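Worksheet: one structure, shown below.
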Amino acid sequence: MTAAGETGAEDRYEVVVVKYGTRATRRSDVFLNHHLYGEPDGPFTVDYHLWVVRSRTHTVLVDTGFARGPADARGRTLLIDPAEAYRRVGVDTARPHPVVVTHAHYDHIGNLGLFPTSPVVVSATELDFWATPLAGKPLIGHFTERDELETLARIARDGRARPFFGSCEVAPGVVVTEVGGHTPGQSMVTVPTSEGVVLLTSDAVHFREELVRDMPFVSVTDLPAMYRGLQTVRDLRASGAVDRVVTGHDAAELEGLEPWSPDLEGIAGVIGRLPS
Ligand SMILES: [Zn+2]
């Protein structure tokens, strides 16, 4: 028998935030047309995250991080290999857990090969766009890797992709929604947890400052859509539909989170940990 207060507890999730990479850069390298703000440049840290969303009955992976080769080539620092991170937070990559691809940049799809049996949930707009000639333009394809886009296309050809339009529910209560902007089909994920509804913005919002000060990220395929996406996130937060916003790359994202385990302090934090 379930007590009234526990109704729906089986549809509550924990969110494990994994900071798997980092880089030190400059503000002018991350904020679009930074010079137009009339502010001094300065150092800026970009962290790289992937997310594990898990209830008693469902596991959903949100993005898979970058692979070592492209990361080395781009001067990014790998803090923990995503394969190792999955193992240490208890994800069996051989099982067909759904993988959400929020967008097709190298730091989000670099390890799809770790999940050979998983359905891959991705916006149809995103999936289709990266198969067009525009994907090869330097200002559009800069953050993609050709072989990784081919892997995504092959997954679609093999029938493992789950393309959606608008939004879709990937597990009970876990909803993926396309907002565009950063890429044509950039998507976000909402997750019900014991600490309220968590919004994983991925790169609809890279940094908290981007959201608070309405400063778009340097890489964008549709600037009005990016501004609208930022407003959507602020509206969701203001209306109470979302209790907590977790961004794609903010260096403070793990602050205040309980470490997943003592040995992963500074690498993996948990929101709404499930009772053991
Ligand atoms: Zn990213």
Side-chain angles (χ1 to χ4, degrees), residues 15-27 29-32 44-53 61-82 85 99-112 120-123 125-127 129-130 135 138-146 148-149 151-152 176-189 199-211 215-223 225-226 229-230 233 245-254 267-268:
V15 176
V16 185
V17 179
V18 177
K19 179 171 103 174
Y20 69 88
T22 191
R23 80 171 154 130
T25 184
R26 310 280 297 169
R27 294 174 60 79
D29 192 45
V30 297
F31 292 112
L32 180 65
F44 199 89
T45 300
V46 179
D47 284 344
Y48 295 79
H49 302 102
L50 56 84
W51 304 272
V52 175
V53 171
L61 296 316
V62 178
D63 293 337
T64 61
F66 56 55
R68 188 180 292 271
D72 286 348
R74 294 165 190 266
R76 276 49 164 169
T77 301
L78 194 63
L79 298 172
I80 185 171
D81 192 292
V99 175
V100 173
V101 166
T102 65
H103 63 301
H105 282 172
Y106 82 100
D107 53 323
H108 297 260
I109 65 167
N111 297 288
L112 283 178
V120 173
V121 179
V122 58
S123 142
T125 306
E126 184 76 4
L127 188 60
F129 176 79
W130 293 107
L139 294 189
I140 290 179
H142 174 68
F143 286 120
T144 60
E145 294 288 327
R146 184 184 293 262
E148 293 175 355
L149 293 178
T151 296
L152 188 59
V176 187
T177 304
E178 178 188 313
V179 289
H182 177 53
T183 63
Q186 169 73 53
S187 298
M188 312 192 292
V189 184
L199 175 65
L200 302 175
T201 66
S202 178
D203 291 3
V205 183
H206 289 68
F207 318 112
R208 295 176 187 179
E209 184 175 352
E210 186 180 332
L211 183 66
M215 294 171 73
F217 185 70
V218 68
S219 171
V220 55
T221 59
D222 183 338
L223 185 56
M226 184 179 262
L230 293 172
V233 173
V245 172
V246 175
T247 70
H249 293 277
D250 197 285
E253 219 49 80
L254 282 185
I267 295 290

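Numbers here are sequence positions counted from 1. Side-chain atoms are counted along with the backbone in the values below, which use heavy atoms only and exclude waters and symmetry mates. When a ligand or atom number is given, it counts from 1 through the structure's own listing order. Just so it is clear, the model here is predicted, and its values are computed rather than measured.
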Are the side chains of Thr45 and Thr22 in contact, using a 4.5 Å heavy-atom criterion? yes
Quick one: CZ on Arg23 to OH on Tyr48, what's the gap to the nearest 0.5 Å? 4.0 Å
Tell me, please, which residues at least two apart from Phe129 pass ring pair (Phe, Tyr, Trp, His ring centres under 6.0 Å). none
Rounded to the nearest 0.5 Å, what separation is found between the CG atom of Asp63 and the CG atom of Leu61? 9.5 Å
Can the ring centres of His206 and His103 be said to be less than 6.0 Å apart? no
Give every protein N, O or S atom lying under 2.8 Å from the Zn ion (ligand 1), naming each by residue and atom. Asp107 OD2, His108 NE2, Asp203 OD2, His249 NE2
Do Val30 and Phe217 have side chains that approach each other closer than 4.5 Å (heavy atoms only, starting at C-beta)? yes
